[in-house]
Amino acid sequence: MKMKLTEQNYWVNAQGNINLNLADNNPIKVWIENNFNFSKINNCIEIGCFPGRYLTIFGNQGIEVNGLDFIPEIEMLKTVFENNNYLAGHFINADFTNYNPKKKYDCVVSFGFIEHFKNWNVIFEKHIDYVNENGYIIIEVPNFRGFFQRLPRYLFDFENYKRHNIESMNIESWKKILIKHNFEIVNAEYFGGYELWNENNNKNRFFLTLKFIVEKALLKIKRLVYPNISDHRNFSSYMGIIAKKNV
């Protein structure tokens, strides 16, 4: 049974070239910097790391960066990181689903990765195989499950919606998996406020008008139902968890 909801050619086209640029106000970067103590680790690995920008969050702290991805161009990332004065370790060109790690790391991270698999829980648990004793795990996905995110994506960006396993977007399920494996939850939350983006390039005037009306209506309803609330599972753009492995 096919477990992947995307294929390699999709990611090659979507991610483009190596790119280490990440804005200072990027919501994922801000979330990690506000909730993680970088002094506790010496190295990290990102699963599905191409094109490389999220590793700069750790590299900027003097941490050795490593990565794994099935996009062949990953093999150039080590040189690119070193040329930009980052401490670079190993960059592995492999399929995460059938690769057995040769070493463990102080911190294992992935961003927008687990939700692209039908067996997301197996993929989630496989991250744990890479974590050192007393190491950390950081996992983030977009929150397509919340009503105010789910409806417009289903209506106006359905092809992209289908690439995501909505069932994977469940923080309580993540907690149960990690606690079962003797992890302590450091942070688990929805973040990023209410933001919508899509990959549908339909330029039809009727489509765009209807999309505009629906999104404006949802924004007004959201403000009425959740006044003065910056983040909530029903509308926040992102969700993530940080946990520490206990010996």
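The structure places CZ of F36 at 10.5 Å from NZ of K244, a figure rounded to the nearest 0.5 Å. Atom-to-atom distance recorded for N93:CG and I74:CD1 is 6.5 Å, nearest 0.5 angstrom. Considering CG of N19 and CZ of R53, their distance stands at 6.0 Å, rounded to 0.5 Å. To the nearest 0.5 Å, atom OG of residue S168 and atom CE of residue M239 are 7.5 Å apart. In this structure, CD1 on I137 lies 8.5 Å from CD1 on I241, to the nearest 0.5 angstrom. Atom CD of E64 is separated from atom SG of C107 by 12.5 Å, given to the nearest 0.5 angstrom.
Below 30°, between 30° and 60°, or above 60°: for F81 and F91 the angle between ring planes is below 30°, a parallel geometry. A tilted orientation is assigned to the rings of H127 and F124, their planes being inclined by 30° to 60°. Between F207 and F156, the ring-plane angle classifies as perpendicular under the 30° and 60° cut-offs.
Residues K245 and N182 form no side-chain contact, since every pair of their non-hydrogen atoms from C-beta on lies 4.5 Å or further apart. Annotation: side chain of W174 is not in contact with side chain of I185 (no heavy-atom distance under 4.5 Å). Proximity of F38 to I57: side-chain heavy atoms (C-beta onward) are separated by under 4.5 Å at one or more points. E189 is listed as a side-chain neighbour of N35, based on a closest heavy-atom distance under 4.5 Å. In this structure, K222 and L218 have side chains that are not in contact, with every pair of non-hydrogen atoms separated by 4.5 Å or more. Between V80 and L20 there is a side-chain heavy-atom pair separated by less than 4.5 Å. At a threshold of 4.5 Å between non-hydrogen side-chain atoms, the residues N143 and Y238 do not count as touching.
Distance alone, capped at 3.5 Å, places no donor-acceptor pair between the S236 side chain and the G192 backbone. A donor-acceptor pair is defined here as one N or O able to donate and one able to accept, closer than 3.5 Å; such a pair exists between the side chain of N170 and the backbone of S173. At least one donor-acceptor pair under 3.5 Å links the side chain of N66 to the backbone N or O of C44. The main-chain N or O of E46 is never found under 3.5 Å from a side-chain atom of S110 such that the two would form a donor-acceptor pair. In this structure, Y161 contributes its side chain and F144 its backbone to no donor-acceptor pair below 3.5 Å. For the pair K29 (side chain) and Y54 (backbone), a donor-acceptor distance under 3.5 Å is absent. Side-chain atoms of K104 come within 3.5 Å of backbone N or O of D129 as a donor-acceptor pair.
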*asked:* Determine whether W31 and E140 satisfy the following criterion, side-chain hydrogen bond (donor to acceptor under 3.5 Å, both in side chains), listing intermediate values before the conclusion.
replied: CA-CA 10 Å; W31 169 65; E140 174 276 337; over 6 Å; no
*Does the side-chain contact (heavy atoms from CB on, under 4.5 Å) test come out yes or no for F111 and I47, once each step is laid out?*
CA-CA 8 Å; F111 307 104; I47 308 303; over 6 Å; no
*asked:* Run the ring pair (Phe, Tyr, Trp, His ring centres under 6.0 Å) test on Y136 and Y105 for me, step by step, so that the C-alpha distance in whole Å, both residues' side-chain angles and the decisive distance to 0.1 Å come before the verdict.
replied: CA-CA 9 Å; Y136 292 82; Y105 301 85; over 10 Å; no
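Transitive grouping of hydrophobic side chains (ILVMFWY, heavy atoms separated by less than 4.5 Å) keeps F212 and L155 in distinct clusters. Follow the hydrophobic side-chain contacts under 4.5 Å out from L55 and you reach M76 in the same cluster.
Counted within 6.0 Å of CG on N83, heavy atoms from surrounding residues, nucleotides or ligands total more than 12; the atom is thus considered enclosed. By the 6.0 Å contact criterion, NE2 on H232 is enclosed, its count of non-hydrogen atoms from other residues, nucleotides or ligands being greater than 12. Within 6.0 Å of the CG atom in N98, the count of heavy atoms belonging to other residues, nucleotides or ligands exceeds 12. Within 6.0 Å of the NZ atom in K203, the count of heavy atoms belonging to other residues, nucleotides or ligands does not exceed 12.
No side-chain N or O of D157 forms a donor-acceptor pair with one of W197 less than 3.5 Å apart. There is a side-chain donor-acceptor pair under 3.5 Å between N132 and D106. Neither side chain, R145 nor Q149, offers a donor N or O lying under 3.5 Å from an acceptor on the other. E82 and N84 are not linked by any side-chain donor-acceptor pair at a separation below 3.5 angstrom, with hydrogens and angles left out of the test. Side-chain contact check for N60 and Y86: at least one donor-acceptor pair (N or O, by modelled atom type) lies under 3.5 Å.
With sequence neighbours left out, the side chain to side chain contact (heavy atoms under 4.5 Å, CB included) criterion links R233 to Y190. With sequence neighbours excluded, no residue forms a ring-ring contact (aromatic ring centres under 6.0 Å, His included) with F183. Looking at residues two or more places apart in sequence or on another chain, you find a side chain to side chain contact (heavy atoms under 4.5 Å, CB included) between N37 and S39, K40.
In plain terms, the two heavy atoms of L77 and C49 that are nearest each other are CD1-SG, 3.9 Å. The heavy-atom pair separating F158 from Y154 by the smallest distance is CE1-CE1, 3.3 Å. Taking each heavy atom of S230 and F235 in turn, the nearest pair found is O-CE1, 3.4 Å. In terms of heavy atoms, D69 sits closest to G48 at OD2-C, 3.2 Å. The minimum heavy-atom distance between P142 and E115, with the atom names listed, is CD-OE2, 3.2 Å. Annotation for M169 and V141: closest pair CG-CG2, 4.0 Å, computed over non-hydrogen atoms.
Taking a cutoff of 4.0 Å between a charged side-chain nitrogen and a carboxylate oxygen, R163 and E159 do not qualify as a salt bridge. Remark: K176 does not engage E172 in a salt bridge, criterion side-chain N to carboxylate O under 4.0 Å.
Taking the six-membered ring wherever Trp is involved, the centroid distance between the rings of F113 and F96 falls below 6.0 Å.
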